[in-house]
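Report on the structure given below.
Just so you know, residue 1 is the first one in the sequence shown, and it goes up from there. Order of appearance sets the numbers: ligands from 1, and atoms from 1 within every ligand. Owing to the predicted nature of the structure, the values given are computational and were not obtained by experimental measurement.
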Amino acid sequence: MERPGRLLLQSELRVRNAAYDVSLSRSLLIWKRRTSSPVYHPFRPSVCHSVPVSEIISVREEEEENGSRQRDDGSWKKIREREGKDCRQAFTVLYVERCRQHRWRCAEVTFTCSDEAVCQHWVSSIREQLATSRPKHLLVYINPYGGKRQGKRIYEQKVAPLFTQAGISTSVIVTEYANHARDHLKMEAELKKFDGVVCVGGDGMFSEIIHGLIWRTQIDCGVDPNSPEEALSPCSLRIGIIPAGSTDCICFASVGTNDPVTSALHIIVGDSQPLDVCSVHHNNMFLRYSVSLLGYGFYGDVLSDSERKRWMGPARYDFSGLKMFLTHHYYEGTVSYLPAKGIIGTPRDATRCRSGCVICQHNGQLNSERSEKYEMDEASDSESSGEWRTIRGKFLAINAASMSCACPRSPKGLSPAAHLADGTTDLILVRKCSRFNFLRHLLRHTSKDDQFDLTFIEVHRVRRFRFMPRHCQSDSDLELDLHENSKRQIFSQICKDHPACGCAPAYSSWNCDGEILTHTGIDVRVHGQLIKLFARGIEELPVFEDLSNPCAI
Ligand SMILES: CCCCCCCCCCCCC/C=C/[C@@H](O)[C@H](COP(=O)(O)O)NC(=O)CCCCC
Ligand SMILES: Nc1ncnc2c1ncn2[C@@H]1O[C@H](COP(=O)(O)OP(=O)(O)O)[C@@H](O)[C@H]1O
Ligand SMILES: [Ca+2]
């Protein structure tokens with residue numbers, strides 16, 4: 001916890017029936033019970049509370065009317081009788097309170113004092129401190145169709161009242177069809193009017209939002225969004241995610257929980273978390289962006305199968321997950337990748353990306369220096385200097401995790417040590433193995449055991465990678481392979497159209513943040529810290545009492 005710093009204001013105020021020394025600095029609001037209070041008890045330790053100013057949600061004056069007080073929002077609150085006759089003026093501070101499992105809730109404390117001018121001075125001083133980096137106008141998109149179809153209700157009941165309390169104005173659009181939000185952001189939205197965009201939905205809905213926003217930013221900055229070699233311009237508007245989808249992995253991996261109230265509070269206090277974005281191209285043609293999982297094989301098949309079972313809601317993933325595990329398809333192809341050099345951290349680290357992550361800061365800085373130095377073409381430079389590595393094989397899954405991909409199904413995620421904003425993605429290759437071994441790997445996503453500590457798994461931290469399915473390889477490659485497996489190749493082509501015959505298909509599809517890609521051969525490049533979320537990364541859970549707590553001083 002921060003030290004208080006220079007005091008802006010200090011008064012004796014009352015909380016309920018007790019006198020408190022209350023102080024405000026740029027960083028902290030502290031209220032400490034005075035020992036001279038009439039209700040002071042010698043055997044009870046003095047009570048001291050402190051709240052970082054950055055975690056104050058709002059402050060409101062309690063207005064007096066007919067002997068009782070009325071809140072700014074119109075609800076009635078009897079303060080006078082409770083607090084003694086000399087206490088006439090009151091204000092209430094709403095602030096963030098931490099609960100279990102990274103959840104935040106809104107707590108409040110009402111201060112009273114006899115002097116109206118003092119009271120107003122407090123309210124205006126606190127409001128002044130809240131003025132920085134907080135959103136005032138937000139553009140909200142709600143997907144009424146995602147998850148359990150509760151997006152609209154979640155927003156109206158849990159989020160909108162908090163935005164109102166915090167004095168945030170909103171423009172709300174309930175989407176009417178897929179890609180409505182994306183196209184509105186691309187072509188219509190008056191972005192200058194807003195301080196941020198809010199996405200109410202799942203990972204697929206978030207994907208729509210970033211596609212609209214990144215595209216629009218590139219057009220506004222004169223950057224060609226189609227070119228795989230262009231350095232993309234970062235988006236200035238932050239994005240808030242109110243989880244209302246099926247997996248909500250982007251929210252879970254950046255906040256630590258899928259809880260609409262917690263997300264709303266991170267938006268209100270104006271948190272900022274940069275995020276890496278991968279661009280995906282096919283033959284120099286832009287396909288999509290991805291921030292969490294790009295998965296071929298197992299996760300691609302689960303997604304394709306589950307889309308046909310949307311009526312099941314989020315349970316569709318469990319059904320299709322089990323089905324695809326039993327199907328046990330493997331796919332052949334070539335993966336080439338450009339290892340991330342000069343960075344700190346590896347995918348096998350014990351350290352995790354947490355709030356204020358120093359690895360993201362260090363590597364983020366390195367990436368921006370690199371892109372200034374080598375603006376030309378990093379990829380072809382490195383290709384000629386032989387930095388690319390190539391692996392050919394049979395894979396059950398090829399996954400690129402640009403963040404941990406933690407979610408309620410797998411609380412540590414697909415790549416537990418991946419970072420939100422280090423400019424890299426973790427490329428996980430699961431080679432063909434027995435069902436039993438694949439199950440061991442999958443089960444380790446849900447336990448403490450290392451899912452990479454298996455002979456058929458390899459993981460690399462990369463800046464760029466390419467995948468080419470075997471049947472799309474060059475003629476010379478194909479000639480070599482034909483001798484080895486010509487029969488299978490012919491059958492698998494046929495069997496893609498006739499799955500009933502029981503042969504394995506030749507191709508899977510890519511699961512790109514929960515959306516299916518139409519092409520299998522792809523070129524993926526990480527753009528470090530391209531977007532920003534209203535989040536602060538997962539907070540470290542307190543292990544022992546913080547000795548720098550100002551209340552202990
Ligand atoms: C037999 C025990 C198996 C346990 C395996 C658990 C592994 C789960 C890892 C899940 C990683 C999820 C990565 C996130 C993907 C989402 O982007 C995507 C779309 O989300 P949404 O739009 O909110 O629906 N979700 C999925 O692809 C679901 C994958 C589920 C796999 C079982
Ligand atoms: N009004 C709408 N009707 C139908 N589909 C929509 C609508 N709005 C958004 N979508 C699409 O719904 C899909 C799933 O959305 P998402 O919010 O991610 O839910 P889920 O997590 O359940 O997949 C996304 O592909 C998104 O483009
Ligand atoms: Ca990353």
Side-chain angles (χ1 to χ4, degrees), residues 141-149 151-152 173-182 199-209 211 241 243-253 258 274-278 290-295 298-304 306-307 310 313-314 316-325 340 343 345 353 357 359-360 363-364 367 399-415 417-426 438-447 451 461-463 511-516 526-529:
Y141 293 99
I142 303 175
N143 177 1
Y145 167 82
K148 294 181 181 161
R149 302 182 187 227
K152 205 159 166 279
I173 295 174
V174 179
T175 62
E176 287 164 18
Y177 46 89
N179 292 326
H180 182 175
R182 183 199 66 185
C199 162
V200 185
D203 294 339
M205 185 61 183
F206 179 81
S207 176
E208 275 200 34
I209 304 286
H211 279 80
I241 310 173
S246 302
T247 312
D248 299 319
C249 131
I250 302 159
C251 179
F252 196 94
N258 284 340
L275 207 61
D276 297 333
V277 177
C278 290
S290 160
V291 295
S292 58
L293 168 67
L294 253 171
F298 181 69
Y299 290 103
D301 294 348
V302 169
L303 189 72
S304 306
S306 68
E307 272 308 301
R310 234 177 208 285
R316 69 190 185 278
Y317 290 136
D318 302 315
F319 181 89
S320 299
L322 178 65
K323 182 174 160 189
M324 288 308 145
F325 165 72
I343 53 151
C353 184
C357 176
I359 291 182
C360 287
N363 296 347
N367 290 335
N399 301 323
S402 298
M403 55 170 72
S404 70
C405 294
C407 60
R409 272 189 186 80
S410 169
K412 62 178 188 173
L414 284 183
S415 190
H419 287 268
L420 291 167
D422 67 341
T424 73
T425 188
D426 288 350
F438 190 45
L439 182 63
R440 279 171 70 207
H441 167 65
L442 286 179
L443 286 176
R444 288 186 187 191
H445 289 88
T446 60
S447 73
Q451 63 257 53
R461 191 154 281 181
V462 308
R463 288 190 197 289
N511 173 339
C512 177
D513 291 356
E515 302 297 303
I516 299 164
V526 189
H527 300 264
Q529 310 196 352

Using a 3.5 Å cut-off on N/O to N/O, what pairs does ligand 1 make with the protein? A line per pair would be great.
residue  : atom   : partner : partner atom : Å
ligand 1 : 17 (O) : Asp203  : OD2          : 2.9
ligand 1 : 20 (O) : Asp203  : OD2          : 3.3
ligand 1 : 20 (O) : Thr247  : OG1          : 3.1
ligand 1 : 22 (O) : Asp203  : N            : 3.3
ligand 1 : 22 (O) : Gly204  : N            : 3.1
ligand 1 : 23 (O) : Asp203  : N            : 3.2
ligand 1 : 23 (O) : Ser246  : N            : 3.4
ligand 1 : 23 (O) : Thr247  : N            : 2.9
ligand 1 : 23 (O) : Asp248  : N            : 3.1
ligand 1 : 24 (O) : Thr247  : OG1          : 3.4
ligand 1 : 24 (O) : Tyr317  : OH           : 2.7
ligand 1 : 25 (N) : Thr247  : OG1          : 3.0
ligand 1 : 27 (O) : Asn511  : ND2          : 2.8

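Contacts with ligand 2 closer than 4.0 Å are made by no heavy atom of Phe206, backbone or side chain.
A heavy-atom separation below 4.0 Å is found between Arg316 and ligand 2.
Nearest N/O/S atom of Asp422 relative to the Ca ion (ligand 3): this is OD1. Looking only at its N/O/S atoms, His419 has O as the one nearest to the Ca ion (ligand 3).
The Ca ion (ligand 3) lies under 3.0 Å from an N, O or S atom belonging to Ser402. At a cut-off of 3.0 Å, Met403 is not counted among the residues with an N, O or S atom near the Ca ion (ligand 3). The Ca ion (ligand 3) has Asp276 among its coordinating residues (N/O/S atom, backbone or side chain, under 3.0 Å).
In this structure, of Ser207, Ser246, Gly201, the residue bringing a heavy atom nearest to atom 21 (O) of ligand 2 is Ser246. Around atom 13 (C) of ligand 2, the closest heavy atom drawn from Arg310, Glu208, Arg149 belongs to Arg310.
Here is the list of ligand 2 atoms found below 4.0 Å of a heavy atom in Gly245: 21 (O).
Considering backbone and side-chain N/O atoms, Pro144 never comes within less than 3.5 Å of an N/O atom of ligand 2.
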